[in-house]
Amino acid sequence: MHHPQPHISSSTSTSFPAAAAFDFKLAKRRGSYNCGRCGLPKKGHVCHLNSSTNPTSISTPTSSPSAVTVENSSSASRLPHAPAIRQSYTHLRRALSFDDIETRADSPERDLDGSNSPYPGTDLDPDNEMISGGLPAGCLWEVLRRLPPAGLLAAASVCKGWRETTKRLWRAAEELRLMVPPRGQLRFIGSVLKKCPSLVRMSLKMESDVDATMLACIAFSCPNLESMEISTSNTAVNRITGDELGRFVADKRCLTSLKMEGCSNLGGFVLSSSSLSTLWLSDLNSLSKMVFNCPNLKEISLEFSRQENDTTDLTTMADGMGRSCPRLKNIHIASVRLSHAVVLSLTAANLRGLRMLSLVLGSEITDASVAAIASSYSKLELLDLSGSSISDSGIGMICNVFPNTLSRLLLALCPNITSSGIQFATAQLPLLELMDCGMTVCDPDSLNSPCDESGDNELPNALNNKLYLMYQKLIIKHSRLKKLSLWGCSGLDALCLNCPELNDLNLISCKNLHPERLLLQCPSLQNVHASGCQESLIGAIKGQVSDSLASLENQYQCKRLADGSKRVRAPDCLSQEAIDDKKRRKVVEQQCKVLVD
């Protein structure tokens, strides 16, 4: 596009670098009302100088494609060609070629030709363009892009300039997080998605029912969708069936991540996709078939309802999933129907890349299941067998197989585990960073079953054979442990922790833990969850946490005076382990929080 250039005398030959147009930018001004060549008013005027025999020519030499050279042919014939004088002329528009201009170091992602501009679909200059009120467009853009969708819709009604900026924001949006109201949900979601043709990631919180019409609206409005997450409130119902979900996944060839809650009406499904890599489905119930034709699937999470009438065949599902999804790395299955047979089906699949295995609420998973897992998958980094029936022997097998890889071990709701097994795991797993042992060491009184109507007060044989029908103590010394959960361990009466990296400790409902038998040597603690504990225990926790922080603040060497009468703190220059001011402030500000409510 040819832009009019300002008039320059014909007796000079000047080259203007295009970089100067970037370094010296001025606000836009209204152009002159007079002709730049003859000086007459522009209105109704045709300049007679356009028909001269020696017109002014604008050329772009090949040696410097971004420099604009203005010269007159007659003057060039009379005068010798002088070297070009480089000037900073700030009234020129941006040059059409930028071959010799490098992107500035302070903005490495700047796109000079505008094809990757943060203001797509417009020739907006964010530095020079002014919106109503004198606010630069670039500043307004940065403010509005941080608003939620409701605030962005309200900002569009302020003025024309704001409305145009919000339109550009909607067109440039790649991620959308939206709460859908209970009324007019289809019309609302359709109007919002229509504004976002570039959307690739979407997260919806549904307060109304979800059906196939909503799914079709999303499929039509978002052709390049890569990630979709649908969560439902307590009053919303997900009415999507398995066939409808299968068609959606098959049609969206760019879809890589799908997360959906409330999938109680699926009934059965067949998912076929070559791009899907992450799949999360929750609230599943009584599925007649589950077929996964997803060769690139790497993470799967299936949570089933805890209803006793669930008829899903998990053994067949695990066998088919292992054969059709060979690249699985993370597997999470939560179901009360998990059993040793399901574990054998997973181990027979020989998933070589498996790194995280979570089988939750499977009361029929035993130490034999642990042995099968250990023999097939020796490189696990996370193992979650919460709700299983494994014992300290199973923990021993875990420690023998995964000492060099396992960093997260979750064994909550495992009643056959004692404090000895927990201590053994922390001692034999040097890479352990997270451990959850909630509801493992329980109060012996809580194990006594109440008297039935027949007056039979005898305990079951399983409870009579327990070795831990007494209060236990737990001693853990670990150099890398960061999070430890002992929630509901009411059978503990003594706890000693020496973990310099521990930052989160969960002691919820540890009712029988004695304050005088508590020792916390954890200088990095940030959060201690102590709701449901005795007041004396909470006070002891606060006292020990404050003492550990005080010891950190006083990590300075002290020396006596020359006469040996008084000890004073040595200057920082005399201390080999001196802490600078920034680190000292960080220690003071990093106070541990004891969360009670």
Side-chain angles (χ1 to χ4, degrees), residues 109 111 114-240 248 252 254-262:
E109 297 181 357
D111 190 8
S115 60
N116 196 23
S117 173
Y119 312 96
T122 178
D123 56 353
L124 176 66
D125 189 347
D127 296 326
N128 292 342
E129 186 75 12
M130 293 292 179
I131 309 298
S132 62
L135 186 66
C139 180
L140 181 63
W141 177 281
E142 293 300 326
V143 172
L144 295 182
R145 65 187 288 265
R146 289 167 170 80
L147 293 179
L152 201 59
L153 291 174
S157 59
V158 173
C159 63
K160 182 179 180 181
W162 284 39
R163 182 167 62 253
E164 294 299 325
T165 305
T166 55
K167 287 182 179 179
R168 300 186 189 109
L169 276 169
W170 284 113
R171 289 196 296 267
E174 294 184 354
E175 183 174 2
L176 177 65
R177 298 180 182 179
L178 192 63
M179 179 176 290
V180 182
R183 293 184 179 181
Q185 68 276 12
L186 186 60
R187 183 177 180 181
F188 174 76
I189 193 67
S191 62
V192 172
L193 294 182
K194 185 179 180 180
K195 303 174 184 291
C196 309
S198 304
L199 201 64
V200 295
R201 296 179 299 274
M202 180 172 56
S203 177
L204 300 179
K205 175 67 175 179
M206 305 298 299
E207 295 185 350
S208 59
D209 295 351
V210 189
D211 53 11
T213 307
M214 177 72 67
L215 207 61
C217 178
I218 296 173
F220 177 78
S221 304
C222 306
N224 301 320
L225 191 63
E226 297 179 2
S227 175
M228 185 179 73
E229 179 178 357
I230 298 179
S231 58
T232 56
S233 61
N234 296 331
T235 58
V237 178
N238 189 343
R239 305 184 185 278
I240 298 176
F248 177 81
K252 307 303 293 183
C254 299
L255 191 65
T256 60
S257 176
L258 175 62
K259 301 178 182 180
M260 186 178 297
E261 292 182 356

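This structure is a prediction, so every number in the text was calculated from the model and none was measured.
Of all heavy-atom pairs spanning S221 and L193, the tightest one is CB-CB, 3.6 Å. Across all their heavy atoms, W141 and R168 have their closest contact at CZ3-CB, 3.6 Å. Of all non-hydrogen atoms in E207 and P182, the two that sit nearest each other are OE1-CD, 3.5 Å. Scanning both residues, C196 and A173, for their nearest heavy atoms gives SG-CB, 4.4 Å.
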Check residues 228-240 and write down every donor-acceptor pair under 3.5 Å in which the side-chain atom is one partner and the other belongs to a residue at least two apart or another chain.
residue: S231; atom: OG; partner: L204; partner atom: O; Å: 3.4
residue: S233; atom: OG; partner: M206; partner atom: O; Å: 3.3
residue: S233; atom: OG; partner: T235; partner atom: OG1; Å: 3.4
residue: N238; atom: OD1; partner: I240; partner atom: N; Å: 3.1
residue: N238; atom: ND2; partner: E261; partner atom: O; Å: 2.9
residue: R239; atom: NE; partner: D209; partner atom: OD2; Å: 3.3
residue: R239; atom: NH2; partner: D209; partner atom: OD2; Å: 3.0

Show me the donor-acceptor pairs within less than 3.5 Å that the side chains of residues 143-160 make with the rest of the protein, sequence neighbours left out.
residue: R145; atom: NH1; partner: E142; partner atom: OE1; Å: 3.3
residue: R146; atom: NH1; partner: E142; partner atom: O; Å: 2.5
residue: R146; atom: NH1; partner: E142; partner atom: OE1; Å: 3.2
residue: S157; atom: OG; partner: A154; partner atom: O; Å: 2.7

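Every residue two or more places apart in sequence or in another chain was checked for a salt bridge (Lys or Arg N to Asp or Glu O under 4.0 Å) with E174, and none qualifies. Applying the side chain to side chain contact (heavy atoms under 4.5 Å, CB included) test to S191 and every residue at least two apart in sequence or in another chain returns nothing. Every residue two or more places apart in sequence or in another chain that forms a side chain to side chain contact (heavy atoms under 4.5 Å, CB included) with A219 is listed here: F248, K252.
Applying the salt bridge (charged side-chain N to carboxylate O under 4.0 Å, His left out) rule to pairs touching residues 185-203 yields E175-R201, sequence neighbours excluded.
In this structure, F220 places its CZ atom where only 12 or fewer heavy-atom neighbours from other residues, nucleotides or ligands lie under 6.0 Å away.
If you take CG on L176 and CD1 on I189, they are separated by 6.5 Å, rounding to the nearest 0.5 Å. From L255, atom CG reaches atom OG of S227 across 7.5 Å, with rounding to the nearest 0.5 Å.
Counting only distance, with no hydrogens or angles, the side chain of S198 and the backbone of A172 share no donor-acceptor pair below 3.5 Å.
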